[in-house]
Amino acid sequence: MDTNIVTPTDGQIELAANLLKCGELVAFPTETVYGLGGNGLNPRAVEKIFHAKGRPADNPLILHIGNWGLLDEICTPSPQARLLMDAFWPGPLTVLCPKAASVPDQVTAGLPKVAVRMPNHPVALALLQQVNLPVAAPSANVSGRPSPTTAVHVLTDLMGMIPLILDGGPCPVGVESTVVDVADEGVIILRPGGITREMLEQVVDAPVQVAGSALRPLAAGEAALSPGMKHRHYAPRAQVLLVEGDAPMGMLRKHYQAAISVGKRAGVMCFTEDLPALSDCNPFDLGSRYHGETVAQRLFAVLRQVDEAGLDVVFSAVLPPEGIGLAVMNRLGRAAEFQRTAEEPGR
Ligand code: TXA
Ligand code: MG
């Protein structure tokens, strides 16, 4: 199959909507990452998504809608869930709600709740409104690879697997949506993302919990609240190691030098402020440490660049896990399988 990358003109969006109606897959930009869309009410289209990504069948998909009228056709949101949707949609928030019978079990991997979101991107909204169906869309990467934040990332992963990629330029948020469940005990973040815990707390006016495994590996026997959190994720081929501390320059340099001294191809992922001091350590620019939004926007592209550079190991600076930093550290932590460097190289 040929894969076309096109500018999302009205005509191309209409073509994309027709492909979706016919059960084909289309990759499209959202404000978070590119999605791999298929008709969310058509089990065969949903199966194609799992196949194209090589995604484990036990990892459920998000249904995307572009108009409020479709909401009640796919789920029954509680008043609290509806409050969050009203506050943050269209936007990078995904809410779990009891699913309607119309939603195929393949979408939810057999779970009783379906994940729903209305993205805030002009191309995504135009496509969703044109097709007027709930569109199942995971991130448009091969399962386990960093999520795609440009159309070229999608092409790199899915060339020959899908007919069409709508190229809407780089995604502005850069990390995926926040996934929340609304339980009797309150709102719980299953996956931190573009809408921060602090933003949610302002709306619900109560503490919002974060699933324990957001910043550490799952314990033996611990069930993942969000099935996606149990799979290795966001991982480049290089080993990623987190270097903690407020002033990581010295540590990044030490670890880099120790790695090259034993013949490894190495690099560092550092903040823009530290680039001059680390210019001889094969640095990759994460953005300013004072602007977590930029770090989020760049993170997945940087992880892909690390792969293209053919590195064996990369040492990364970290952000405090607050605001958007929580989503950044969740993704970076999973890319690193939560491995931190020792105080001194070699220990
Ligand atoms: O920003 C985003 O959310 C992007 C764009 C394309 O919208 N989509 C995305 O989808 O990141 P995906 O499939 O890569 O990640 C969806 C996450 C997974 O961790 C999955 O396990 C979880 O949401 N999820 C989906 N449905 C669920 C459900 N019914 N119960 C619990 N977790 C669910
Ligand atoms: Mg994904």
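For reference, positions follow the sequence shown, starting with 1. Atoms within each ligand, like the ligands themselves, are counted from 1 in listed order.
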>> I'd like to know whether R289 forms a side-chain hydrogen bond (donor to acceptor under 3.5 Å, both in side chains) with T294, so could you lay out the CA-CA distance, the side-chain angles of the two residues, the decisive distance to 0.1 Å, and finally the verdict.
In response: CA-CA 9 Å; R289 65 156 51 80; T294 307; over 6 Å; no

> Would E176 and S147 count as a side-chain hydrogen bond (donor to acceptor under 3.5 Å, both in side chains) if you check the C-alpha gap in whole Å, the side-chain angles of each, and the deciding distance to 0.1 Å?
Replying inline: CA-CA 8 Å; E176 303 91 335; S147 291; 2.5 Å; yes

>> Could you go through E201 and R197, starting from their C-alpha distance and side-chain angles, then the distance that decides it, and tell me whether this counts as salt bridge (charged side-chain N to carboxylate O under 4.0 Å, His left out)?
In response: CA-CA 6 Å; E201 285 179 338; R197 175 190 202 162; 3.7 Å; yes

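Comparing K113, K99, E31 against atom 29 (N) of ligand 1, the shortest heavy-atom distance belongs to K113.
Numbered from 1 in the order shown, with element, the atoms of ligand 1 that lie under 4.0 Å from a heavy atom of I62 read 3 (O), 8 (N), 9 (C), 10 (O), 16 (C). Numbered from 1 in the order shown, with element, the atoms of ligand 1 that lie under 4.0 Å from a heavy atom of G35 read 6 (C). With ligand atoms numbered from 1 in the order given, ligand 1 contributes 25 (C), 26 (N), 27 (C) to contacts under 4.0 Å with heavy atoms of A115. Of all atoms in ligand 1, numbered sequentially from 1 with element shown, those under 4.0 Å from a heavy atom of H64 are 5 (C), 6 (C), 7 (O). Listed by atom number, the atoms of ligand 1 under 4.0 Å from R117 heavy atoms are 1 (O), 2 (C), 3 (O), 5 (C), 7 (O). Residue-ligand proximity, N59 to ligand 1, at heavy-atom distances under 4.0 Å covers atoms 18 (C), 20 (C), 21 (O). The distance from ligand 1 to the heavy atoms of T32 drops below 4.0 Å at these ligand atoms: 1 (O), 2 (C), 4 (C), 5 (C). Listed by number with element, the atoms of ligand 1 under 4.0 angstrom from any heavy atom of S139 are 8 (N), 9 (C), 10 (O), 12 (P), 14 (O).
In this structure a side-chain-to-backbone donor-acceptor pair under 3.5 Å is missing from Y34 to I165. In this structure, R216 contributes its side chain and A214 its backbone to no donor-acceptor pair below 3.5 Å.
By the 4.0 Å N-to-carboxylate-O rule, R55 lies too far from E47 to be salt-bridged with it. Using a 4.0 Å cut-off between a side-chain N of Lys or Arg and a carboxylate O of Asp or Glu, R253 and D280 qualify as a salt bridge.
Taking distance alone, with nitrogen or oxygen atoms compared against 3.5 Å, Y34 stays at or beyond that limit from ligand 1. Ligand 1 has a nitrogen or oxygen under 3.5 angstrom from a nitrogen or oxygen of R55. Below 3.5 Å of separation, one finds no N or O of K53 facing any N or O of ligand 1.
By the criterion of a heavy-atom distance under 4.0 Å, the backbone of A137, and not its side chain, is placed next to ligand 1. By the criterion of a heavy-atom distance under 4.0 Å, neither the backbone nor the side chain of T108 is placed next to ligand 1. If you look at E176 next to ligand 1, the close heavy atoms, those under 4.0 Å, come from the backbone and the side chain alike. Residue-level proximity to ligand 1 for L96 is carried by the side chain, the only part with a heavy atom below 4.0 angstrom.
Atoms CZ and CD, from R298 and Q305 in turn, are 9.0 Å apart once rounded to the nearest 0.5 Å. Taken to the nearest 0.5 Å, the CZ atom of R237 stands 12.0 Å off from the CG atom of L311.
A perpendicular orientation is assigned to the rings of H64 and F28, their planes being inclined by more than 60° (bins at 30° and 60°).
Taking a 6.0 Å sphere around NZ of K264, one finds it holds 12 or fewer heavy atoms contributed by other residues, nucleotides or ligands.
Residue side and main chain included, S139 places an N/O/S atom under 2.8 Å of the Mg ion (ligand 2).
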